[in-house]
Amino acid sequence: MSAQPEKLIDSFGRVHDYLRISLTERCNLRCFYCMPEEGIALREKSVFMSAEETFAIAKEFVSMGIKKIRLTGGEPLIKKNVSKILHDLASLNIELAITTNGILVDQYLNDFKQTGLRAVNVSLDSLDEKSFERISRRNYFQRIVSNIHLLVNEGFQTKINVVVMRGVNDHEIIDFINYTRDLPVQIRFIEFMPFDGNNWNWEKKVSFNEIMQRVYTKFGYDDIEHLLSKPNDTTKNYRIKNFQGSFGVISSVTNPFCDTCNRIRLTADGKIKNCLFSQSETDLLSAFRNGEAIRPLIIDTVLHKKKSRGGIDSFEDPDNRKLFQNNRSMTTIGG
Ligand code: SAM
Ligand code: SF4
């Protein structure tokens, strides 16, 4: 058995101190790039981690150096006992964060406050109600926008995730940046990534370079400030002079940020993935239920992490693309 490290370090020296836990594969939206219209096949409740199992496994990770936990999904706020999970995790003395579609944020605001969760990422792919409905196949636009304002007014650190897709919402890049004129939010443009069944193709993604080209054309070089990034930041951040908010681009497709990756993912059914694009998973939940030690499994999974994007260097090679498309859909990995 490997020696127990104080920190989770992979073979490239990257320290892993950030765990993303998916609480459920299910969702109350059907964003076409993430979920099939009919939803995903429902599985027995028993295959998923209970609140108690989620906490026990998270605790083991924290004892191995995890300092930040982000809850995601599917939609984490539709998990029945999310309130208990939040309160349990808060007792671990870590930084708590959540990525949500925003629909139920108002119902959990007090839990966020009580547990010290301050960082909320909300996904909103269009500022146009009809277009949002086409993308998400549901009509919750007003509710989400009103919850974004609620979060800002209550002082939460609020980021808005926008998956940029050619011919779908790429004409709204400047509108999103203008949204930050009076609202202190950070817009994060995400390059569209390929996953099982989401009809990705190279032409649909709008690259970091193209996004920035459009921004420079509109605002001019002198009005765009390049903001400093934190060490493990996945986003290159900018602000338009005198705007209250900022914006950034997550360039996972054209320019991955693997060199400083500090993340590990735990799926709702208790598997760990050492990379969003990893082709393999380690079943922690079965081991946990069998009374086996999960620590060696965690160490081993981190040690086997590939240098970049689960071992696939480029999206341009069609053979590589096939590998990406065999990966679980985003909603079952946890975005
Ligand atoms: N339901 C929550 C939400 O929408 O924020 C959390 C889960 S969602 C899978 C997490 C993030 O992954 C969202 O910001 C979503 O836009 C992003 N995402 C999903 N599929 C994607 C894809 N194919 N390419 C890029 N980002 C994607
Ligand atoms: Fe649901 Fe989030 Fe996927 Fe949209 S991106 S379908 S909100 S999990």
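Predicted model only: the values in this text are computed from it and were never measured. The first residue of the sequence shown is numbered 1, and numbering continues consecutively from there. When a ligand or atom number is given, it counts from 1 through the structure's own listing order.
- Within ligand 1, counting atoms from 1 as listed, the ones closer than 4.0 Å to a heavy atom of Val163 are 16 (O), 25 (C), 26 (N), 27 (C).
- Ligand 1 has no nitrogen or oxygen under 3.5 angstrom from a nitrogen or oxygen of Asn121.
- Under the 4.5 Å side-chain heavy-atom criterion for Ile, Leu, Val, Met, Phe, Trp and Tyr, Val152 and Leu109 are members of the same hydrophobic cluster.
- The Thr72 neighbourhood of ligand 1 comprises atoms 6 (C), 7 (C), with distances under 4.0 Å to a heavy atom of that residue.
- Annotation for ligand 2: atoms under 4.0 Å from non-hydrogen atoms of Gly74 are 8 (S).
- The distance from ligand 1 to the heavy atoms of Glu191 drops below 4.0 Å at these ligand atoms: 25 (C).
- Counting atoms of ligand 1 from 1 in the listed order, those under 4.0 Å from a heavy atom of Gly74 are 1 (N), 2 (C), 6 (C), 7 (C).
- A salt bridge is defined here as a Lys NZ or Arg NE, NH1 or NH2 lying under 4.0 Å from an Asp or Glu carboxylate O, and Glu225 with Lys241 fails to meet this definition.
- Put simply, the side chain of Asp125 gets close to the backbone of Val163: a donor and an acceptor are under 3.5 Å apart.
- Side-chain contact check for Arg265 and Thr72: no donor-acceptor pair (N or O, by modelled atom type) lies under 3.5 Å.
- Below 4.0 Å from some heavy atom of Asn161 lie the following atoms of ligand 1, by number and element: 14 (O).
- Less than 4.0 angstrom separates some heavy atom of Ile190 from each of these atoms of ligand 1: 25 (C), 26 (N).
- Near Gly73, the atoms of ligand 1 lying under 4.0 angstrom from a non-hydrogen atom of the residue are 7 (C), 9 (C).
- Looking at Thr99 against ligand 1, both its backbone and its side chain come within 4.0 Å, counting heavy atoms.
- Ring geometry for Tyr216 against Tyr221 counts as parallel: the plane angle stays under 30°, on a 0 to 90° scale with 60° as the upper cut.
- Proximity of Thr100 to ligand 1, defined as any heavy-atom pair under 4.0 Å, is confined to the backbone N, CA, C and O atoms.
- Looking only at distances, a side-chain donor or acceptor of Asn147 sits under 3.5 Å from a matching main-chain atom of Ile103.
- Between Ser123, Gly102, Cys27, Cys34, it is Cys34 that holds the heavy atom closest to atom 3 (Fe) of ligand 2.
- Atoms of ligand 1 found under 4.0 Å from any heavy atom of Asn101 (numbered from 1 in listed order, with element): 2 (C), 3 (C), 5 (O).
- Separating the NZ atom in Lys205 from the CD1 atom in Ile190 is a distance of 16.0 Å, to the nearest 0.5 Å.
- Using modelled atom types, one finds no donor on one side chain facing an acceptor on the other under 3.5 Å when comparing Ser207 with Asn209.
- Taking Thr301 as the reference, Ile272, Asn274, Thr282 meet the side chain to side chain contact (heavy atoms under 4.5 Å, CB included) condition, with sequence neighbours excluded.
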